[in-house]
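Before any comments, here is the structure.
Worth knowing before you read on, the calculation uses all heavy atoms, side chains too, and leaves out hydrogens, waters and symmetry mates. Proteins get letters first, then strands, A, B, ... in listed order; numbering begins at 1 in each.
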Amino acid sequence: MILPCSFFNRPAPEVARALLGQTLVRRLPDGRRLAAVITETEAYDGFEDEASHAHRGRTPRNGVMFGPPGRIYLYLCYGMHWMLNLVTREADYPAAVLLRGTSDVSGPGRLTRHFDLDGQLNGQSLGSASGLWIRSAGSDPGSRRIRTAPRVGVDYAGPQWASKPWRFILKGKRNG
DNA sequence: TGCGCGATTCTC
DNA sequence: AGAATCGCGCAT
């Protein structure tokens with residue numbers, strides 16, 4: 001079953017955790033399909049989250065984070081890597097989940113390269129029209145198969161936010 | 001209008 | 001350890 005946008009209408013850490021074990025599916029322009037199990041995610045939630053792009057308010061770049069749940073937020077990092085995020089929570093509340101890894105790719109930049117994703121899909125919704133969606137596994141991986149960790153590369157945020165365990169990793173899946 | 005830097009990755 | 005590489009966000 002394909003996850004509906006309503007699946008994303010809840011706090012980002014909750015969605016980040018719930019996405020583990022689900023399958024990311026990509027329909028390429030030439031019709032080919034790529035699919036891989038999501039193994040690593042990170043949550044960014046709210047204005048107060050100092051690690052979030054939205055912490056200093058709405059800007060042209062982060063505007064998609066303020067959109068309705070299930071939107072695709074793609075931004076360029078370090079001038080060369082696209083980061084894939086899925087918007088969570090209701091409209092006007094900025095929150096998103098960064099996809100950091102799947103069963104056959106490690107790292108958010110390599111993930112988007114593998115799935116042929118760039119700014120073209122920024123702002124679109126998950127689904128057939130965009131050619132990107134999530135297929136549900138049906139069963140939830142038990143908490144024993146999930147570990148949490150601080151988010152990567154967010155030392156610029158205050159210690160309270162930099163140390164939050166909002167990175168979620170599925171154990172026992174090949175990562176890379 | 002200019003400048004520092006980043007939710008990274010690859011090579012040396 | 002350092003480079004690659006560029007748009008964004010804030011300061012001027």
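Distance A:His53 NE2 to C:dG7 P: 15 Å, rounded to the nearest Å. The NE2-P distance, from A:His55 to B:dG6, rounds to 16 Å in whole Å. Whole-Å rounding puts the A:Asn122 CG to B:dA7 P distance at 15 Å. In this structure, A:Arg58 places its CZ atom 15 Å from P of C:dC8, rounding to the nearest Å. Spacing between atom CG of A:Leu74 and atom P of C:dC8 amounts to 14 Å, rounded to whole angstrom units. Spacing between atom CG of A:Leu86 and atom C1' of B:dA7 amounts to 14 Å, rounded to whole angstrom units. Atom-to-atom, OH of A:Tyr156 to C1' of C:dG9 comes out at 13 Å; the value is rounded to the nearest Å.
A:Ser52 contributes no side-chain N or O that, together with a main-chain N or O of A:Tyr44, makes up a donor-acceptor pair within less than 3.5 Å.
Rounded to whole Å, the separation between the P atoms of C:dG2 and B:dC5 comes to 16 Å. Using atom P as the reference point in both B:dG4 and C:dA3, the two lie 16 Å apart (nearest Å).
Remark: ring of A:Tyr44 stacked against base of B:dA7; centroid gap under 5.5 Å, plane tilt under 30°.
A salt bridge is absent between A:Asp116 and A:Arg32: the closest approach of a Lys/Arg side-chain nitrogen to an acidic carboxylate oxygen does not fall below 4.0 angstrom. Using a cutoff of 4.0 Å between basic side-chain nitrogens and carboxylate oxygens, A:Arg100 and A:Glu42 are scored as salt-bridged.
Between C:dG9 and A:Thr59, a contact under 4.0 Å exists linking OP1 or OP2 to a side-chain N or O.
To the nearest 0.5 Å, atom CD of residue A:Glu14 and atom CG of residue A:Asn9 are 10.5 Å apart.
Checking B:dG2 for Watson-Crick or G-U wobble geometry (two distances, each under 3.5 Å) identifies C:dC10 as its partner. Checking B:dA7 for Watson-Crick or G-U wobble geometry (two distances, each under 3.5 Å) identifies no partner in any strand.
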Distances for protein N/O vs nucleotides 8-10 of chain B N/O pairs under 3.5 angstrom?
unit_1: B:dT8; atom_1: OP1; unit_2: A:Arg100; atom_2: NH1; d: 3.2
unit_1: B:dT8; atom_1: OP1; unit_2: A:Arg100; atom_2: NH2; d: 3.4
unit_1: B:dT8; atom_1: O2; unit_2: A:His81; atom_2: NE2; d: 2.8
unit_1: B:dT9; atom_1: OP1; unit_2: A:Gly107; atom_2: O; d: 3.4
unit_1: B:dT9; atom_1: OP1; unit_2: A:Pro108; atom_2: N; d: 3.0
unit_1: B:dT9; atom_1: OP1; unit_2: A:Gly109; atom_2: N; d: 2.8
unit_1: B:dT9; atom_1: OP1; unit_2: A:Arg110; atom_2: N; d: 3.3
unit_1: B:dT9; atom_1: O4'; unit_2: A:His81; atom_2: NE2; d: 3.1
unit_1: B:dC10; atom_1: OP1; unit_2: A:Arg110; atom_2: NE; d: 3.4
unit_1: B:dC10; atom_1: OP1; unit_2: A:Arg113; atom_2: NH2; d: 3.3

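Of the listed residues (A:Lys164, A:Arg10, A:Arg89), just one forms a salt bridge (charged side-chain N to carboxylate O under 4.0 Å, His left out) with A:Asp45, and that residue is A:Arg89.
Using a 4.0 Å heavy-atom criterion, one finds that A:Arg151 contacts no nucleic acid atom at all.
Note: A:Phe66 and A:Phe47 meet the aromatic proximity criterion, with ring centroids under 6.0 Å apart.
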